[in-house]
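The block underneath contains the structure these notes are about, expressed in structure tokens.
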Amino acid sequence: MRDCSLIVWDEATITNKTSVEALDMTMRDLRNKNSPMGECTILFPEDFRQIQPVVTPADEINSSLKRSNLWPHVNKLELKTIIF
């Protein structure tokens, strides 16, 4: 984890934001860098229109990755062409 340059996290949209924030704190600590994810690139290959985390209705919106304090640091890319 200290030396990796890319982590691919599939199905992140159904994960509670606290899991992503826990990885952020762990990566900052392991890499001894106080930047998002310890300056490691994290790829979330997801469709954020899919199912959201399974929680109580009151917590549904606040548990989303989009509500995390890390969301402003996310570089959003969109696939425009499907290549087979």
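Glu39 pairs by the salt bridge (charged side-chain N to carboxylate O under 4.0 Å, His left out) definition with Lys33, not counting sequence neighbours. Listed by chain and residue number, nothing satisfies the side-chain hydrogen bond (donor to acceptor under 3.5 Å, both in side chains) test with Asn69 (two or more places apart in sequence, or in another chain). Judged as a side-chain contact (heavy atoms from CB on, under 4.5 Å), and not counting sequence neighbours, the contacts of Thr26 are Leu30. Qualifying salt bridge (charged side-chain N to carboxylate O under 4.0 Å, His left out) partners for Arg28, counting only residues two or more places apart in sequence or in other chains: Asp24. Residues passing the side-chain hydrogen bond (donor to acceptor under 3.5 Å, both in side chains) test with Thr18, sequence neighbours excluded: Asn16. By the side-chain contact (heavy atoms from CB on, under 4.5 Å) test, Leu43 pairs with Leu6, Val8, Pro45, sequence neighbours left out.
The closest side-chain heavy-atom distance from Ile7 to Met37 is not below 4.5 Å. Looking at Arg31 and Cys4, their side chains come closer than 4.5 Å, going by heavy atoms from C-beta outward.
Atom CE in Met1 sits 5.5 Å away from atom CG in Leu23 (nearest 0.5 Å).
Under a hydrophobic-cluster definition in which Ile, Leu, Val, Met, Phe, Trp and Tyr are linked whenever side-chain heavy atoms come within less than 4.5 Å, directly or via other members, Trp71 and Met27 are assigned to the same cluster.
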